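Each chain gets a letter, A, B and so on, in the order its sequence line appears, and its residues count up from 1. Just so you know, these numbers come straight off a predicted model, no measurement behind them.
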Protein chains: 2
Amino acid sequence: MSEERAERVWRGLRSLVLERHERRREVCDALGMSFIRVKALRSLAASPKTMRELAADLLIDAPYATLVVDDLVRRGLARREVHPEDRRSRIVRVTPEGTEAAARADSILSAPPPPLLSLPPEDLDTLDRIVARLLSG
Amino acid sequence: MSEERAERVWRGLRSLVLERHERRREVCDALGMSFIRVKALRSLAASPKTMRELAADLLIDAPYATLVVDDLVRRGLARREVHPEDRRSRIVRVTPEGTEAAARADSILSAPPPPLLSLPPEDLDTLDRIVARLLSG
DNA sequence: CCATTTGCTTATATTTCTACAAATACCTCC
DNA sequence: GGAGGTATTTGTAGAAATATAAGCAAATGG
């Protein structure tokens, strides 16, 4: 049955990402902030957002988003700007320091784990193709 | 460069597991408990453990493990038994209700996401092999 | 305009997580 | 059988996360 195989694969993928090569702690230590702030910083570095959009992206509510952004602003990693078309709204944008910090987080989180690096090239190739397909599906 | 491809693959895997098909919230809602309790329950359902072993498995400290197990016991999902060979130590074991709840959690967490189920059989086969290799490495 | 809605903030409260110090009970080794 | 070490619990404190209510400013739509 392929259902069974799919389950084994899924458990394996979860195990790799969530247990074996989890890097939350490492990133939080490196940046000196909680993981939700790292997520916020990376989300904002990827593209500036209104508070509402950020809250939706992080799956948090608006008041908490305010606290998180307050903290990033206090650290000099982000700025609030008034939305040009709706002055109720703020666009949150990372500063150059924020960009740099987000890049540091990315480099830790995106670093492939050793087993992936020592995969035979043709396997890596195949995996690349399959993962792309899974992401597009 | 294969390093670059490995990075793309790793980012893709993280995205699949952590963003697209994250099921923490769902499991916590279904069982009515925080995720660390779900993890504890599943760990104990997989095999009974002493407090120390459980704490090590969950990467939490001993006092917090006591709180978590207290809660599971209060819910009737686990029991403490005196270790037969060391009366300082307790073996924590899930109850039948705990086994049932852990199975419910498993069925949510292990359910392969749709894109994985609609993968061509030969791709799933290959993926299965590669994931096994990554886990063993 | 005025009422209503929307976007955000402030305030407040609760739960969850993390950490550390100290107490208790038991084991082991001399 | 006493010293020192281990397993767990208790207590405490604080940070982080989550939720709700209330408020302000600006937009929208009669």
Contact list (N/O, under 3.5 angstrom) for nucleotides 20-27 of chain C vs protein:
from, atom 1, to, atom 2, distance (Å)
C:dC27, OP1, B:Arg87, N, 3.2

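- Distance, B:Phe35 CZ to C:dT18 C1': 18 Å, rounded to whole Å.
- In this structure, A:Arg90 and A:Arg25 both approach DNA chain C, and ranking their closest nucleotides by distance from the 5' end singles out A:Arg90.
- At least one side-chain heavy atom of A:Pro112 sits less than 4.5 Å from a side-chain heavy atom of B:Glu3.
- Using a 4.0 Å cut-off on heavy atoms, the residues of residues 47-55 of chain B that approach DNA chain D are B:Thr50, B:Met51, B:Arg52, listed by number.
- Judged as a salt bridge (charged side-chain N to carboxylate O under 4.0 Å, His left out), not a single pair has a partner in residues 44-62 of chain B (not counting sequence neighbours).
- Whole-Å rounding puts the A:Leu72 CG to C:dT9 P distance at 12 Å.
- A close approach under 4.0 Å does not occur between any side-chain nitrogen or oxygen of A:Ser89 and OP1 or OP2 of D:dA26.
- A salt bridge does not link B:Arg11 with A:Asp106: every distance from a Lys NZ or Arg NE/NH1/NH2 to an Asp or Glu carboxylate oxygen is 4.0 Å or more.
- Between the side chains of B:Arg129 and B:Thr126, not a single donor N or O lies within less than 3.5 Å of an accepting N or O.
- We find that CD of A:Glu81 is positioned 19 Å from P of C:dG7, with the value rounded to whole Å.
- Checking the phosphate oxygens (OP1, OP2) of C:dT9, a side-chain nitrogen or oxygen of A:Arg80 falls inside 4.0 Å.
- Residue B:Arg37 is in sugar-phosphate contact alone, with no base atom involved, counting any heavy-atom pair closer than 4.0 Å across all strands shown.
- With a 4.5 Å cut-off on side-chain heavy atoms, A:Val17 and B:Trp10 count as touching.
- Taking 4.0 Å as the cut-off between side-chain N and carboxylate O, A:Asp71 and A:Arg75 count as a salt-bridged pair.
- Looking at B:Pro113 and B:Leu16, their side chains never come closer than 4.5 Å, going by heavy atoms from C-beta outward.
- At a threshold of 4.0 angstrom between heavy atoms, the contacts of B:Ile36 are confined to the sugar-phosphate backbone, with no base atom among them.
- Nearest heavy atom pair, residue B:Ala65 against residue B:Ala55, reads CB-CB, 4.0 Å.
- Rounded to whole angstrom, the span from the CD1 atom of A:Ile60 across to the P atom of C:dT16 amounts to 19 Å.
- Protein atom CG of A:Asp29 is 14 Å distant from nucleotide atom C1' of C:dA19, rounded to whole Å.
- For the pair A:Leu67 CG and C:dG7 C1', the computed distance is 16 Å after rounding to whole Å.
- With respect to the salt-bridge test (charged N to carboxylate O, under 4.0 angstrom), the residues A:Glu81 and A:Arg93 qualify.
- Atom NE2 of A:His83 and atom P of C:dT9 are 14 Å apart (whole Å).
- Summarising the geometry, the separation between CG on A:Asp70 and P on D:dA15 is reported as 17 Å, rounded to the nearest angstrom.
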